[in-house]
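Single-structure report; data block below.
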Amino acid sequence: MTSVLLSSVDPVSAEVDALVLGITDELILPAAIPAATRSMLHDMLEALGAKGKRGEITKVPSGGLAIAPLIVTVGLGSDATLDAEQTRRVASAAARALAGTTSALMHLGEPTPESIEAIATGALLGAYRFTHFRGAGSEATPEPINKVVISGNPSDKADAAALHRGQIIAEAVNAARDLVNTPPSALPPEELAHAAIDAVRKLPVTVEVWDEEHLAAEDFGGILAVGQGSANPPRLIRMEYAPKKAKGTLALVGKGVTFDSGGLSLKPPKAMETMKCDMSGAAAVIAAVTAIAQLGLKVNVVGWIPTVENMPGGHAQRPGDVITIYGGRTVEVLNTDAEGRLILADALVRAAEEDPDLIVDAATLTGAAVVALGDRTSGIMANDDDVRVAVWESSQRAGEVMWHLPIPEESRGTLDSHIADIKNIGDGKGGMLSAAAFLREFVPAERRWAHLDIAGPAFNEGSPYGYTPKGGTGAAVRTFIQLAEDLAEGRLG
Ligand code: BES
Ligand code: MN
Ligand code: ZN
């Protein structure tokens, strides 16, 4: 795993394998480099055809211009003062280019706490790889960079805190990516529960795991109904972080479908290929609770993870069945592939019982979200406009792309059932909105709640971009951590 640390050493004197320097589109190097060296490098870069375009990587042998044998320049573009997101992307491009290198010093420009945090996060997210399931003797791809030294003052409190925050957030995102990338046979509900326990082992977080008997005793009918078609029994995981002097309580709920075959309403093969990602909301909750505890944020956080495998076994629920959600409301299940909302309904009712100040769920809930928003934008829906805007603002601060959607009353109307309180599918139009309308039924009206449909961004089937790898992305982790911070600091009302 890649490590990050701070050093205020003069960049050209750093004893590392590579020196990473930011360059502008006029091939201007950072002021911390001696003037003569800057001008020589400028001419070399010009001769190599470097343009300094944002993210552009150029490698130059240092030839004695620095202790490091290799100089890697990364383009900053025309405006050398980058915002956090631009900095994360640039640092990520550099980290990727450093694969196979043991150590590097990154000096993109005069460091600030903001840039240090963004470089740490970007480098760690960019260096991420998932190799756990490569066989012995498989083609060796270069190892990710081992050690990234970031220019900054390790004895300055603000610099050190920024590095720490950047590192913890990136490691949480990478931990969520690992869980999502893990094959579904290796991560049934029981294993997901073990992963939650392992993640917080040395932290002040308590984890309770309710097995199928406990779930039956307490009438969690949604989780049990979806889970009954699988040989791997369902679980409900509750994680609690309750520090002293907490400024409120945040409930985070994550959809934990470890594999979604669709159940008897079976998906076609192509649609099933990525359905190990259907526990991305759960992964985000586990990772965020871990990071929130590591950061010692002054807010109570309760994570709820209903987890099941949605399979078409002999005991599977049938289209036409009526089930009873925790708390007593009944649902006519007409499509067993609309399963996420059934397990989330149980968890939302249970989460609300504890009177949190805010409930936010994240779920790879609908294919309709991917149609509407594409695969890089999550949808935000809520039972209150102020909450929706506040959650969007937190997502912006965190650097995740999300956008607002309504929950129209008409959507709720399409869910009317003749024989039960509600049915689990609407008329097929606006599927992301009717799914949210369904969930809203299970949250008390006075309780502030927001729903994130992360079906698009949770899993990247295309090529890597920015600091986003192929496969699991860790979507919603940073927004969840930011929400906890914003609640602790009174920004969420
Ligand atoms: N897990 C899927 C949604 C999904 C689709 C996530 C694509 C990620 C990528 C969800 O359980 C599902 O199957 N939803 C159905 C709902 C429909 C039956 C009302 C869908 O979107 O087709
Ligand atoms: Mn489904
Ligand atoms: Zn699903």
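Whatever order the structure lists ligands and atoms in, that order sets their numbers, starting from 1. Note that this is a predicted model, so its numbers are computed, not measured.
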Go through the structure and list residues passing side-chain hydrogen bond (donor to acceptor under 3.5 Å, both in side chains) with Asp357, not counting sequence neighbours. none
At a cut-off of 2.8 Å, list the protein N/O/S atoms near the Mn ion (ligand 2), residue plus atom name. Asp260 OD2, Asp337 O, Asp337 OD1, Glu339 OE1
Considering only non-hydrogen protein atoms, determine which one is nearest to [atom] and report residue, atom name and distance to 0.1 Å.
atom	value
atom 21 (O) of ligand 1	Gly367 N, 2.6 Å
atom 17 (C) of ligand 1	Ala338 CB, 4.4 Å
atom 10 (C) of ligand 1	Leu365 O, 3.2 Å

Count of N, O or S atoms belonging to protein, less than 2.8 Å from the Zn ion (ligand 3): 4
When the side chains of residues 285-302 are checked against the rest of the protein, which donor-acceptor pairs come out under 3.5 Å, sequence neighbours left out?
residue, atom, partner, partner atom, Å
Thr290, OG1, Ile286, O, 2.6
Asn300, ND2, Thr249, OG1, 3.3

For ligand 1, note which part of [X] has a heavy atom under 4.0 Å away: side chain, backbone, both or neither.
X	result
Asp278	side chain
Val257	neither
Lys255	side chain

Would Arg350 and Phe220 count as a cation-pi pair here, with the cationic atom under 6.0 angstrom from the ring centre and within 45° of the axis? no
Checking Arg329 against Phe442: charged group under 6.0 Å from the ring centre and within 45 degrees of the axis? yes
In ligand 1, which numbered atoms sit nearer than 4.0 Å to a non-hydrogen atom of Met275?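 So the answer, numbered in order with elements, is 1 (N), 4 (C), 5 (C), 6 (C), 7 (C), 8 (C), 9 (C).
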4.5 Å side-chain heavy-atom contact, Leu483 and Phe480: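 Yes, their side chains come closer than 4.5 Å.
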